[in-house]
Structure formats: C-alpha cells, structure tokens
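Within every chain, numbering begins at 1; the chains are lettered A, B, ... in the order of the sequence lines, protein sequences first and strands thereafter. Note: hydrogens, waters and symmetry copies are ignored here, and every other heavy atom, side chains too, is used. Keep in mind that this is a model prediction, so the values were computed, not measured.
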There are 2 protein chains.
Amino acid sequence: MARKQTTYVILGILAIHDNQSGYEIRKTIQQTVGFFWGESFGQIYPTLKKLLADGLIVAASPGSAPKARRQEYSITAAGLACLQEWLVIPYRDDPPRDEFLLKLFFGHEATPSVCIAHVRKFQDQHRRLLNTLLELEGLARIHSSNNPGFPFWMLTLSYGLARLRSDLEWSESALAMLLTQEAAAASNAPLAKNEHAANLA
Amino acid sequence: MARKQTTYVILGILAIHDNQSGYEIRKTIQQTVGFFWGESFGQIYPTLKKLLADGLIVAASPGSAPKARRQEYSITAAGLACLQEWLVIPYRDDPPRDEFLLKLFFGHEATPSVCIAHVRKFQDQHRRLLNTLLELEGLARIHSSNNPGFPFWMLTLSYGLARLRSDLEWSESALAMLLTQEAAAASNAPLAKNEHAANLA
DNA sequence: ACACACATGTAATTGGTTACATGATTTC
DNA sequence: GAAATCATGTAACCAATTACATGTGTGT
C-alpha cells in the first residue's frame, strides 16, 4: 500500500515520542529533522485524519493540562508495523532541484555582483544552520544520549554537519573566485576608458 | 511575472547553446545540470509552447539535416532579458526532503541490516555519480574551457565534487558505526542464550 | 525484421504549498 | 487590551511526475 511520505514522518515521530498533537508533531519535526525535512499543516492535519481512520494512530485525551481544543495522538501496533515495513523499502531519491546552483550555473548571463550576492546569502544561511545544528547536538547529548534512537539521530546530525562544513568551505573558494573575477571586470572597464583617453591624447 | 522554474532552465540552456529541440534540451539538461536539476518531457514540451507564445523563444527550422518531425528553438532578446531578470532575484531554497536521511533517522525502529543496506546504496550511487562528474569535468575542460560560461560551470561542478566527497567520507564512518552496532547486537543474542543455558546447568 | 534512439505530445494523478478562516490561551 | 503563541482545519492552486499514445530514422 503506497502512502505518501508525510505518513511515515508522523508515524516515526510518534514512535519516538507518543501523545503529541498535530501542532506539536510539526514542531518536533522542525526541531529534529527540520534540516532535511519539512511538513506543512495543510499536509499534517489531513494525514492525521487518514491515519486515525486507518487505525495506525489513536486519539488520546491530553493527560495533564486540558488546554484549548487540542487532540493528541499515539501510534498503534499497526502503525508501528506500517512504519517498519516502509523502513526496509529502498529509499527513492527525490529528483534533485537546487535553484541556487542553477542561478550560479547561468551566472555568466548576469553581472558578477549577482552571483556574489547569491553566494553570500548561501554562506549566511549555512552559518546560521551550522549554529542551529551544533546547539541541537549539544541538547541531544545532554537529554537523549541514553535513548535507543540516539545513535541514529547522531548519524543524520553528523551528516548535516559534514555537509554544512563542506558547503561552507566550497563557498569560500567560490566567493574568492567570483571576487577576483569581479575585480578583473571592474579594472577592465576603467582601463578601456583610460586607453580610450590615451588614444585621444 | 512569476513563471515556473522550468522556464528558466530552458532559457538558460538556450542562452548557452541555441537551436535545440525539446528532446535535445532535456538531454543537455541531464548532461550539464543533471546532478542538481531534473526536467521531464511532460514539463518541457508544454513550457516550450508557452515560451513560444510569449515570444521568449522562436522556432527555427533545423539547419543541416532535416530529420524526423523536429522543432528547434532559439532564445530571443526578450527571453534573454527574462532570464537575466530572474537571475538577480534571490534564490528561494526549496523545502528540503531527503528520504534517505529520514529512514536513517528512524533507524532504531528497523533491524541493523536495514540501515546498512541504505548506506550501501547511498555509497554506490555517490561513487557512480562521482565518476560521472569527474568525466564531465574532463570533457568540459577539453571542449569548453574557452567558453565565457566555463568558470560558472566549474563552480557548480566543484560544488558537486566537494559534496560528493564529503558525503562519501561521512558514509564510511556511518557504515563503520552501523557495522559495529550490528556485530554487538548479533553477539548479544547468543550471549543471552549462553547465560540462559548457564543458569539451567 | 527488430530494437533502439530520436521525437513530440496529452491526460491523469498526486503531492504539496499557500492562503484563508477561526478561535483559545498566555504574556506583557 | 494588544500581541504572540497555541491550535485546527479547509480550499484553491500549482508544479511536476507518470503513464499513455504515436510515429520516424538508424543500425544490426
């Protein structure tokens, strides 16, 4: 039975920590797998309904503080089985699409400063994400190091950190290259003017 | 005017090399930006019609060998302007989705061999892609090093290579970790049995 | 004759984002 | 009392994949 990916993120998150509302599930997703996975409410709430109807999750009333109108869910045995079935299926790599690289690839059609701006944005974002991941790593080590899932979380985290560092390293050399090219272009134009002036004189 | 991304890939490809058919454009995309961008025919042909209607490209009859029924296109001044406008707009990073990492993150819910299989597949794919990119780099250096776009192509290529190497390095340590964990799990089960037998004796 | 690459297109479906609509609770 | 966060949901839209349908040219 082919289900959409949202199904499995939700099941997986509930398998790690039960009794979460749709709102909380989304927050947990952002805080744990957010750096390589995103989900929107427009996707989460309908999926939750479907999972409930299929018996993969059950509705549980909030234990302690019954705030607002709020529905918590837990994973069922059937849900766990469904998750485990999915886990063994070879992953399919989603068709790659990187608008940043695409703009860079066509960079010759733009002025030098355009690519420089893109790479700077890229660096900013990656630096910020690096800080976030380092914080996340610290928190995980403190609060979850005895959790059986911990080694796997560290695996994805170390992937993220390795990639981030590689990306930042690359971006430095890319920026250096673009800046020298810009400088060359800038010195060529005035040079051309000077030559023109020299010719006139 | 907001256009879909397919628009700009096509325009960009035609800006680099004119007089290509839809079929050729797709092939070119695969061979140049394929490692970070994909396009399907279901997307290309309708977009080509739209670009033609909007005057961003023009239909050109095949120059030399008029094979099959086949339509070549070239970019217009308006098309180039449209591409350039798009290039300066800050890139928006597409919401990240990596099924491989997601399965790894939930790895604790599966048997150790499951994650190992995923990582092995990951390694295979990345090694193959590394070879492809190295070949691509060689070809580009031979045939296009004097093209004004060359530095930008090398930028994306070096990004791909850096990432690939980082990914492969990570995958080695990930695999090592998973293998020791698997060995530990395998030696624990028999150990438990032995203890049980010892208790009986 | 057969297979493969060339070549173009359409239709169905899906997976997903975004915007909209609503309202309660907490905090300042 | 205003603002932020918590909380749930629906509807419109869209970009893109996939499968389907069709046919030609080339090489074996």
Whole-Å distance between D/dA15 C1' and B/K4 NZ? 7 Å
OP1 or OP2 of D/dG9 versus the side-chain N and O atoms of A/Q71: is any pair under 4.0 Å? no
Can you find a pair of side-chain heavy atoms, one from B/E24 and one from B/H17, that are under 4.5 Å apart? no
Side chain of B/F41 (C-beta onward), nearest among D/dA7, D/dA15, C/dT8: C/dT8
Whole-Å gap separating C1' (C/dG15) and OH (A/Y8): 14 Å
Counting only heavy atoms from other residues, nucleotides and ligands, does the tally under 6.0 Å from CD of B/E172 exceed 12? yes
D/dA16, D/dG9, D/dA7: which one has an atom nearest the side-chain heavy atoms of A/Y23? D/dA7
Among the nucleotides D/dT17, C/dT10, D/dT8, whichever has the atom closest to the side chain of B/Q43 is D/dT17
What one should report as the nearest heavy-atom pair of B/T32 and B/L136 is O-CD2, 4.1 Å
Whole angstroms only, please: what is the CD-C1' distance between B/E39 and C/dG9? 16 Å
Between OH of A/Y45 and P of C/dG15 the distance, given in whole Å, is 21 Å
Does a nitrogen or oxygen in the side chain of B/T6 sit under 4.0 Å from OP1 or OP2 of D/dA15? no
Can you tell me the distance, in whole Å, between the CZ atom of B/R92 and the C1' atom of D/dA15? 10 Å
Would you mind classifying the nucleic acid contact of B/Q5 as base, sugar-phosphate or nothing, using non-hydrogen atoms under 4.0 angstrom? sugar-phosphate
Rounded distance (Å) that lies between atom P of C/dT10 and atom NZ of B/K50: 15 Å
Does C/dC6 have OP1 or OP2 sitting under 4.0 Å from an N or O in the side chain of B/K27? yes
From CZ of A/R70 across to P of C/dT26 the rounded distance in Å is 12 Å
Report the distance from atom CZ of A/R97 to atom P of D/dA15, rounded to the nearest whole Å. 10 Å
Would you tell me whether A/T6 and A/E39 have side-chain atoms, one donor and one acceptor, within less than 3.5 Å of each other? yes
Ring center gap for A/F122 and A/H126 short of 6.0 angstrom: yes
Looking at A/S21, does any N or O in its side chain come under 4.0 Å of the phosphate oxygens OP1/OP2 on D/dC6? no
Have a look at A/G42 and say if it touches a base, only the backbone sugar-phosphate, or nothing, with a 4.0 Å heavy-atom cut-off. base
Under 4.0 Å from OP1 or OP2 of C/dT18: is there any side-chain N or O of A/S40 that close? no
